[in-house]
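Following: one structure in structure tokens, then a few remarks.
As the structure is a computational prediction, the values presented were derived from the model and not from experiment. Below, read A as the first sequence line, B as the second, and so on, with proteins coming before strands; counting in each chain starts at 1.
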Number of protein chains: 2
Amino acid sequence: MGITERKEREKEEMRKLILQGAQKLFLENGFEKVSIRNIADAIEYSPATIYLYYKDKNDLLYAIHNIGFQKMIAEFQPALSLDAPFDRLVELGRRYFRFAFENPEFFDLMFIMTAPIDAMACRDDIWDEGKAAFGILVKCVQDCIDTGVFKTRDAEVASMMIWSMVHGNTALFLRKRLEMFEENRRKEVMEEAFNLFVETIRKGL
Amino acid sequence: MGITERKEREKEEMRKLILQGAQKLFLENGFEKVSIRNIADAIEYSPATIYLYYKDKNDLLYAIHNIGFQKMIAEFQPALSLDAPFDRLVELGRRYFRFAFENPEFFDLMFIMTAPIDAMACRDDIWDEGKAAFGILVKCVQDCIDTGVFKTRDAEVASMMIWSMVHGNTALFLRKRLEMFEENRRKEVMEEAFNLFVETIRKGL
DNA sequence: CTTGTTTACTAAACAGTGTTTAGTAGATTT
DNA sequence: AAATCTACTAAACACTGTTTAGTAAACAAG
């Protein structure tokens, strides 16, 4: 029955077409400014067609959110080839921020907006990407513990602490909450705060 | 000329009426779900009237955002009466999270959403609240430095680091990004991460 | 090859959104 | 009493996400 297989394949291709159109518009214009009608126009289909392939707008955002996680995890890889576990950790932190800075719309979707999260109610397989990304961090921290760099015993808790710091730094900057610093000093203060954090946990964690 | 003064007063009262109606609805139903028309209905005026007192929706959100800062600063006060500077710092952190947990809509507006920030383009007096709140933290950190609890020299950078950790912790939780932890463990992990951070900076900052 | 059925798609409508425009009662001034 | 000004609103504009009803084309069965 090659016919149902072809249909299946065409359906999958259509999903991809919509996703790519949506992604392009989202990354170009930001989220708030992209509507279902825009996406439909871009791929030359009617708005209603999109609803045959995605439950709603959040479902579409969730799909893009996943692409973002794949991209981020890919960009994490080079950091993992560093020799010293602590160096790996620091490089992961820097890459987290760089990813956010270069892909603010992805970052929004992955860590700030609630929309894609709303789309994944009930389903469980759905946290795989987030888990994988966090898993990379936990493994790195565990290596630091195992090689005696850190004295803490709980890698998960330590990871949570580290992620919080790096994420907070990043999110406050991206959401323009550091305007109390002069524009030219802003990134410097962030960098110094990160470095201070690195030195503090190197000595005391 | 008591008449122009009365008009002035009435204008101010109308601004307050709108603001209170808006605030009530926002805190009750969340932001996404409150429209200008809802607010207009609640205070029994037409939607257009609101635009005679506030430039646009963002302007209104900015006004509420300010109320949030006043509330938060007020809730910070008791922490400042503690004797040891380090205890003050820890208590500030706990109160930051508690405020966010108990007033998620305010917290969103104050630290996550971009809408109120967009409303304050150009104007400068406008960062006063944010500056004041951050100032409380910096003073506290400076006290820690002065009493020899911290060895770092730069209170601003250290404050930025501390704020980042506490904010990151809070924001990730509020935006449901900790679903990789089982529901009952979630707050526990956060708490432990915070405590670990506190111990780490007590020893090594 | 002609039926009948299923599939893929869309035009139009629904119920909302933020915001602007034009116009009207009533208070204030002359 | 007439003219002006103020405070307000009805209605419209240009959007939004989503659903419904209906249509052409592709397919399956006789």
Please confirm whether the shortest side-chain N or O distance from A:K11 to OP1 or OP2 of C:dA8 is below 4.0 Å. yes
Side chain of A:I36 only, heavy atoms from C-beta on: which candidate in D:dC8, D:dG17, C:dT19 is closest? D:dG17
Proximity to the side chain of A:Y53 - top-ranked nucleotide from D:dA7, D:dT18, C:dC9: C:dC9
Starting at atom [atom1] of [X], determine the distance to atom [atom2] of [N], rounded to an integer number of angstrom.
X	N	atom1	atom2	result
B:E10	D:dT6	CD	P	14 Å
A:K57	C:dG16	NZ	P	19 Å
B:Y51	D:dA12	OH	C1'	14 Å
A:N38	D:dT18	CG	P	14 Å
A:I50	D:dT16	CD1	P	12 Å
A:Y54	C:dA8	OH	C1'	17 Å
B:R9	D:dA7	CZ	P	14 Å
A:D56	D:dT19	CG	C1'	13 Å

For the pair A:F111 and A:Y96, evaluate ring pair (Phe, Tyr, Trp, His ring centres under 6.0 Å) and give the outcome as yes or no after the intermediate values. CA-CA 11 Å; A:F111 297 112; A:Y96 188 92; 5.4 Å; yes
Check: A:H167 ring centre within less than 6.0 Å of A:F107 ring centre: yes
Between B:F99 and B:F69, does the ring centroid distance fall short of 6.0 Å? no
State whether A:Y51 and A:K57 meet the cation-pi test: NZ (Lys) or CZ (Arg) under 6.0 Å from the six-membered ring centroid, and within 45° of the perpendicular axis. no
Assess whether a salt bridge exists between [X] and [Y], defined as any Lys/Arg side-chain N lying under 4.0 Å from an Asp/Glu carboxylate O.
X	Y	value
B:E191	B:R94	yes
A:E75	A:K71	yes
B:R186	B:E182	no

Please enumerate all protein N or O atoms sitting under 3.5 Å from an N or O of nucleotides 10-14 of chain C, with distances to 0.1 Å.
unit_1	atom_1	unit_2	atom_2	d
C:dT10	OP2	A:S46	N	2.9
C:dT10	OP2	A:T49	OG1	2.4
C:dA13	N6	A:R37	NH2	3.4

Applying side-chain contact (heavy atoms from CB on, under 4.5 Å), name anything that partners B:L196, two or more places apart in sequence or on another chain. A:T152, A:V157, A:A158, A:M161, A:L205, B:T200
Which residue in the set A:K176, A:R175, A:E179 passes side-chain contact (heavy atoms from CB on, under 4.5 Å) when paired with B:I117? A:K176
Check each residue of residues 13-35 of chain A for a non-hydrogen atom within less than 4.0 Å of any atom in DNA chain C, then write out the ones that pass by number, or none. none
So, with a heavy-atom separation below 4.0 Å from DNA chain D, the residues of residues 104-114 of chain A are none
Here the salt bridge (charged side-chain N to carboxylate O under 4.0 Å, His left out) pairs for residues 158-169 of chain A, sequence neighbours left out, are none
Using distance only, find each side-chain donor-acceptor pair of residues 28-39 of chain B under 3.5 Å and give its atom names and separation, not counting sequence neighbours.
unit_1	atom_1	unit_2	atom_2	d
B:E28	OE2	B:K24	NZ	3.1
B:S35	OG	B:R37	N	3.4
B:S35	OG	B:N38	N	3.1
B:S35	OG	B:N38	OD1	3.2
B:S35	OG	B:N38	ND2	3.4
B:N38	OD1	B:S35	N	3.1

